[in-house]
Visitor: 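Below you will find the structure I want to go over with you.
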Amino acid sequence: MGIAMTVRLRYAPSPTGHLHIGGARTALFNYLYAMHHQGTFILRIEDTDLERHVANAADEFAENLRWLGIEWQEGYQVGGSFGPYTCMERLGIYRDHVDKLVQSGRAYPCFCTEDELSAVREKQQAEGVTPHYLGTCRALAEDERAIRIERGDAYTIRFRVPEHAVSFDDLIRGALHFEPEHVGGDFVIVKSNGVPVYNFAVTVDDMLMEITHVIRGEEHISNTPRQLYLYEAFGANPPIFGHVPLILGANGKKLSKRDESIVQFIDQYRELGYLPDAIFNFLALLGWSPGGEQEVMTKQELIDRFDLERVSKSGAFFDAAKLQWMNGHYLHAVDPATLLEEARALLFARGVAAPDDEWLHAFLSLVLEKVTQLTEIEGYARNLLSENVTLERDAQETLASPQAITVLECFAGVIDAECDGTPDGFKAAIRRVQDETKIKGKDLFMPIRAALMGTLHGPDLNRSLSLIGCVRCVKRVREALVKMKSLG
RNA sequence: GGCCCCAUGGUCAAGCGGUUAAGACACCGCCCUUUCACGGCGGGAACAGGGGUUCGAAUCCCCUUGGGGUCACCA
């Protein structure tokens, strides 16, 4: 018995944009599976698309992945013994493998132009047959190939598709079978610019990096037979595949990066004040179910319980409302101290300056339980810190009651005479107003809340007053009194 | 159109031959709360249709319908 084989999984994004929820979910499933089996999770950058390549995308992916708590033990930025982990740095490796295929006759140069090919494709589509490469350059004589290459004709390298069917056992969907006539004929493995095509690069990379399991989106099912042929040509064993269901947009179709009906990029959620743990938890539930009734789970619980058998086969709508709920759930439970920096920056960016850390901490303790997105704290902070209050309609109505003036005049006197600025101090002050005016309950609290907060709804009154501070409290009461009296 | 995948409430989903068909989000009530929220309790709401197999189908098979994916020198 040798050492138990450890699983090796990877997430291989193309650096063509921002990390979106679909990609994050795929990365997460790979990560969870790898961690569950004490294996290795690898990040590899699949940058063979030179046209769509976006400058800082790879680093941004890495940063957002880390922010989410998805960490890789090997790969981009961290290295490892199977590198390099970026395709464009592996060109020499691909070249060697292409040469092997060409020499053994499994691949050959194709001189067809894109125009010629698309004309054929359109015709085939119109006739209702599977669009496929006709094999035009398949049987070119060796010397003709040499002449045309010598002459400088542009060419791609195509893989000669065998005549037998391929099948594999998908971890999520079971046995899948493909006939050779449905793979589209001999396919391109190297573009005319010399860069390999995705299907070829991933296969070589996964093979060389000894990837054991490939968990990816359902849209890759039809790519699998081509990759299988490639593994076969290299005499290698393919990894185990698992195709997870698609994430659907409101239209019931695969979530498009251009779909604006939904916030779908991780950095957007980050800006909106979503907590990474909440997104991590939510994403894990998108297409996978833990089985029991518990849905809110820590990262470790998720790792412990994750398995592919419980991944569903049908696509899932992205339920933003549920994410919001879950984020609120995490926000209500989080330690305010951990959010100090982020909250300060968030408020600052929106033109609200928090007095100090002590205030900020008390503030967060007070309002965090009331929000579902961190950005919502802005409104509360503004209300607490602004010099004057805008009285909402219901607040005005409350202040119109005859007892309101009595209460507020008394309250003003009390806190003007003595105010220590603590929640307990305000509590005592209000009690004193009650003793002196004999007014209690709603008639006592509501005028105070209305005058000081401008609204009838809000967080705990005493703690709110404490955050407003003695000076502003007095000022607010007096201003409210002036307004009330002028209105008669 | 060819090939492939999928099908339980509005949404996410348990269920893997016998259940009063879980649970969560959302929605609607009620309770709690001197406000709001949190929380608690309760409610409405589903097996796409048709054939089989079986003593018995949400569960197994077939067909229909519906939805989706993919058919690039993109990934």
Side-chain angles (χ1 to χ4, degrees), chain A residues 12-16 46-52 110 112-114 117-118 121 124-133 154-158 170 172-174 176-179 181-185 187-199 201-202 216-225 243 245-246 248 250 252-254 282 285-296 309-310 312-326 328-329 332-333 367 369-372 394 398 430 440-446 448-450 453 455-461:
Chain A
S14 170
T16 54
E46 211 76 27
D47 59 348
T48 52
D49 187 342
L50 273 25
E51 270 83 60
R52 295 196 306 156
C110 168
C112 296
T113 65
E114 295 200 51
L117 293 170
S118 60
R121 198 177 312 130
Q124 292 170 330
Q125 207 132 22
E127 287 168 357
V129 293
T130 305
H132 62 283
Y133 175 64
Y155 65 95
T156 59
I157 304 289
R158 281 182 188 273
D170 191 284
I172 294 166
R173 280 149 222 284
L176 259 24
H177 180 88
F178 295 87
E179 294 295 332
E181 56 266 38
H182 296 304
V183 308
F187 55 91
V188 173
I189 56 176
V190 180
K191 308 177 209 175
S192 55
N193 64 2
V195 178
V197 139
Y198 165 80
N199 270 126
V202 263
R216 56 184 8 174
E218 189 186 329
E219 72 269 28
H220 284 288
I221 291 181
S222 58
N223 276 148
T224 312
H243 290 94
L246 264 16
L248 278 17
K253 293 188 196 305
K254 178 171 104 169
F282 178 76
L285 262 23
L286 210 51
W288 173 75
S289 143
E293 294 189 358
Q294 186 192 357
E295 290 194 325
V296 177
E309 282 176 17
R310 301 197 63 85
S312 77
K313 294 179 186 162
S314 46
F317 281 89
F318 181 80
D319 190 353
K322 187 156 183 177
L323 203 209
Q324 177 116 12
W325 164 81
M326 187 163 281
H329 197 92
H332 301 157
V367 303
E369 66 178 38
K370 322 197 78 64
V371 302
T372 54
D394 53 356
T398 295
I430 294 173
K440 56 182 181 178
K442 220 167 179 168
D443 293 332
L444 169 66
F445 290 94
M446 281 312 189
I448 295 175
R449 178 180 283 282
M453 310 289 291
T455 170
L456 266 26
H457 316 298
D460 182 78
L461 186 57

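A note on names: the letters A, B, ... follow the listed sequences, proteins ahead of strands, and every chain is numbered from 1.
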Visitor: Give a yes/no on whether any side-chain N or O of Lys254(A) is located under 4.0 angstrom from OP1 or OP2 of G67(B).
Guide: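 No, because none of the side-chain N or O atoms of Lys254(A) sits under 4.0 Å from OP1 or OP2 of G67(B).
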Visitor: When the distance from CZ of Phe317(A) to P of G9(B) is rounded to whole Å, what number comes out?
Guide: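 After rounding, the reported distance stands at 11 Å.
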Visitor: Using the P atom on both, measure G49(B) against A7(B) and round to a whole Å.
Guide: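 Rounded to whole Å, the distance is 15 Å.
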Visitor: Are His132(A) and Phe187(A) near enough that their ring centres are under 6.0 Å apart?
Guide: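 No, ring centres 6.0 Å or more apart.
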Visitor: At less than 4.0 Å, is any side-chain N or O atom of Lys322(A) found next to OP1 or OP2 of A13(B)? Yes or no.
Guide: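 Indeed not, no polar side-chain atom of Lys322(A) lies that close.
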Visitor: Are OP1 or OP2 of A75(B) and a side-chain N or O of Arg216(A) less than 4.0 angstrom apart?
Guide: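 Arg216(A) to A75(B) OP1/OP2: no side-chain N or O under 4.0 Å.
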Visitor: How many Å lie between NE2 on His132(A) and C1' on A72(B), as a whole number?
Guide: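 For the pair His132(A) NE2 and A72(B) C1', the rounded distance is 16 Å.
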Visitor: Among the nucleotides A75(B), A13(B), G68(B), which one has an atom lying closest to any side-chain atom of Glu218(A)?
Guide: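 In terms of side-chain proximity for Glu218(A), the closest of A75(B), A13(B), G68(B) is G68(B).
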Visitor: Closest to the Ser192(A) side chain: C73(B), U70(B), A26(B)?
Guide: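 Shortest atom-to-atom distance from the side chain points to C73(B).
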Visitor: Tell me what Gly287(A) touches on the nucleic acid: a base, only sugar-phosphate, or nothing, going by heavy atoms under 4.0 Å.
Guide: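 The answer is sugar-phosphate, as Gly287(A) gets under 4.0 Å only of primed atoms, P, OP1 or OP2.
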Visitor: Do the side-chain N or O atoms of Arg121(A) get closer than 4.0 angstrom to the phosphate oxygens (OP1, OP2) of C73(B)?
Guide: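 Checking C73(B) against Arg121(A), a side-chain N or O does come within under 4.0 Å of OP1 or OP2.
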Visitor: Within the 3.5 Å criterion, strictly below it, is a donor on Thr372(A) or Gln324(A) matched to an acceptor on the partner's side chain?
Guide: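 On atom types as modelled, these side chains qualify, holding a pair under 3.5 Å.
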Visitor: In whole Å, I'd like the distance from the CE atom of Met453(A) to the C1' atom of U35(B).
Guide: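 So the two atoms are 10 Å apart, to the nearest Å.
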Visitor: Could you tell me how far apart Phe178(A) (CZ) and C71(B) (C1') are, to the nearest whole angstrom?
Guide: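 The answer, rounded to whole Å, is 12 Å.
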Visitor: Does a side-chain N or O of Arg52(A) approach OP1 or OP2 of A75(B) to a distance below 4.0 Å, or not?
Guide: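 For Arg52(A), the contact criterion (side-chain N or O under 4.0 Å from OP1 or OP2 of A75(B)) is not met.
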Visitor: When you get a sec, tell me which of C73(B), A13(B), U70(B) is the closest nucleotide to the side chain of Val197(A)?
Guide: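 Of the candidates, C73(B) comes closest.
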Visitor: Out of C73(B), G69(B), C25(B), which has the shortest distance to the side chain of Leu246(A)?
Guide: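 That would be G69(B).
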Visitor: Out of G23(B), G39(B), A75(B), which nucleotide sits closest to the side chain of Ser14(A)?
Guide: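 Between G23(B), G39(B), A75(B), the one nearest the side chain of Ser14(A) would be A75(B).
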Visitor: Which value, in whole Å, describes the distance between the C1' atoms of nucleotides G68(B) and A48(B)?
Guide: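 These two C1' atoms come out 16 Å apart once rounded.
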Visitor: Find the partner of G66(B): check Watson-Crick (N1-N3 plus N6-O4 or O6-N4) and G-U wobble (N1-O2, O6-N3) distances, both under 3.5 Å, and reply none if neither fits.
Guide: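 In the structure as shown, G66(B) has C6(B) as its Watson-Crick or wobble partner.
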Visitor: Rounded to whole angstrom, note down the C1' distance from A21(B) over to C4(B).
Guide: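 Those two atoms are separated by 31 Å.
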Visitor: What integer distance in Å separates Leu461(A):CG from U33(B):P?
Guide: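 Roughly 17 Å, once rounded to whole Å.
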Visitor: If you check the Ser314(A) side chain, which of C4(B), A75(B), A7(B) turns out closest?
Guide: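 Minimum distance to the Ser314(A) side chain belongs to A7(B).
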Visitor: Measure from CG on Leu248(A) to P on G10(B) and round the result to the nearest Å.
Guide: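 My rounded result for the distance is 16 Å.
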Visitor: Phosphate oxygens OP1/OP2 of C74(B): is one of them under 4.0 Å from a side-chain N or O of Thr16(A)?
Guide: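 Thr16(A) to C74(B) OP1/OP2: no side-chain N or O under 4.0 Å.
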Visitor: Tell me whether Lys313(A) is salt-bridged to Glu218(A), with the criterion being a basic N under 4.0 Å from an acidic carboxylate O.
Guide: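 A salt bridge is absent here (no side-chain N lies under 4.0 Å from a carboxylate O).
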Visitor: Whether Lys191(A) and Glu51(A) form a salt bridge (side-chain N of Lys/Arg under 4.0 Å from carboxylate O of Asp/Glu) is what I want to check.
Guide: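 Salt bridge: no.
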Visitor: How long is the line joining CD1 of Ile172(A) and P of C16(B), in whole Å?
Guide: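 After rounding, the gap between these two atoms is 20 Å.
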Visitor: Do Arg216(A) and His243(A) get their side chains close enough for a donor-acceptor pair, meaning under 3.5 Å?
Guide: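 There is such a pair between these side chains.
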Visitor: Which listed nucleotide (C5(B), G23(B), C3(B)) is nearest to the side chain of Glu293(A)?
Guide: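 Minimum distance to the Glu293(A) side chain belongs to G23(B).
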Visitor: Less than 5.5 Å between centroids and less than 30° between ring planes, does His220(A) satisfy that with A75(B)?
Guide: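 Ring-base stacking flag set for His220(A) and A75(B).
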Visitor: What nucleotide among A14(B), C3(B), A26(B) has an atom nearest to a side-chain atom of Ser289(A)?
Guide: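 The answer is A14(B).
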Visitor: Base, sugar-phosphate, or nothing for Thr455(A), non-hydrogen atoms under 4.0 angstrom?
Guide: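 Touches nothing.
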Visitor: Say we look at G56(B) and G51(B): how far apart would their P atoms be, to the nearest angstrom?
Guide: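 Rounded to whole Å, the distance is 15 Å.
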Visitor: OP1 or OP2 of G15(B) versus the side-chain N and O atoms of Arg310(A): is any pair under 4.0 Å?
Guide: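 For Arg310(A), the contact criterion (side-chain N or O under 4.0 Å from OP1 or OP2 of G15(B)) is met.
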Visitor: Identify which nucleotide among U35(B), A13(B), C6(B) has an atom closest to any side-chain atom of Arg173(A), counting heavy atoms from C-beta outward.
Guide: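 That would be C6(B).
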Visitor: Given atom CG of Asp49(A) and atom P of C74(B), what is their separation to the nearest angstrom?
Guide: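 Taking CG of Asp49(A) and P of C74(B), I get 6 Å after rounding.
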Visitor: Taking N and O atoms by type only, does the side chain of Lys313(A) place a donor or acceptor under 3.5 Å from a partner on the base of C5(B)?
Guide: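 Between C5(B) and Lys313(A), which were checked side chain against base, a qualifying N/O pair under 3.5 Å is absent.
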Visitor: When you get a sec, tell me which of U70(B), U35(B), A26(B) is the closest nucleotide to the side chain of Trp325(A)?
Guide: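 Side chain of Trp325(A) sits closest to A26(B).
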